[in-house]
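Remember, it's 1-based here, ligands and their atoms both numbered in the order they're listed. When reading the values below, keep in mind they use all heavy atoms of this one structure, side chains included, and skip hydrogens, waters and symmetry mates. Note that the structure is a prediction, hence the values are computed from the model and not measured.
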Amino acid sequence: MAKETPSQKENKPINRREFLNFAWLASLGFLTLNIGGMTYLFSMPRFKEGEFGGVFTVGSVSELPAAGSAPVNYPKVKLWLSNTEQGALAIYKVCTHLGCLYNWVDQEGKFICPCHGSQFTPEGEYIQGPAPRSLDRFVLRVVDPNTGNVLAETDEAGNPLPIPNDPNAVVRVDTGTRIRGKPKG
Ligand code: FES
């Protein structure tokens, strides 16, 4: 049988086996690119620091409102910061009844929802009204600004967090970690 010349080899159409090999390699390359892209996207934080859903820095311990004073409203990140005699609380500002935004009423010393009148203590505990439970809370963290070490953190039950006596420590709220309020009654 006559041997193929180089130009005959070049012009020869690819056979089925070569085509399948090529298609398989192309799919493998495409899959690798997709997995790489997905891994990159999942490794990115879902929320930016300072926006609702991410970590919000309230300020240093020395900037916290005095214990027992009126809660402070942070509308951008949907929370009330309440510094009670037992410790600090970051309270989600959406009513547990039907989702209205409740207000702090200074004259009454409690949170009152304008929609159906549910009332809550400065700690967000249920007092009265149609709300099925106390207000939800976020996790608060007090962090050493030099080392980044966590000095104190809200427990799983969402109890008030006693604030460490370090005026320079930084107070942060993780608005991505919400703890459900206790059911009423
Ligand atoms: S939504 Fe707040 S009491 Fe109904």
Legend entry - Salt-bridge criterion met for Asp136 and Arg180 (N-O under 4.0 Å):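 Here Asp136 does not pair with Arg180 in a salt bridge, since their nearest N and O are not under 4.0 Å apart.
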Inset, instruction - May I ask whether Tyr92 and Val173 are part of the same hydrophobic cluster, defined by side-chain heavy atoms of I, L, V, M, F, W, Y residues being less than 4.5 angstrom apart, directly or through others? - result: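 Cluster IDs for Tyr92 and Val173 match.
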Inset, instruction - Take the SG atom of Cys95, take the SG atom of Cys100, and say whether they are under 2.5 Å apart. - result: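 A disulfide is absent here, as the SG pair of Cys95 and Cys100 is separated by 2.5 Å or more.
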Heavy-atom check, side chain of [X] versus side chain of [Y], under 4.5 Å:
X      : Y      : answer
Val171 : Ser60  : no
Glu125 : Lys182 : yes
Leu89  : Thr84  : yes

Legend entry - Cut-off under 2.8 Å, centre atom 2 (Fe) of ligand 1, protein N/O/S atoms: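 Near atom 2 (Fe) of ligand 1, the protein supplies Cys95 SG, Cys113 SG.
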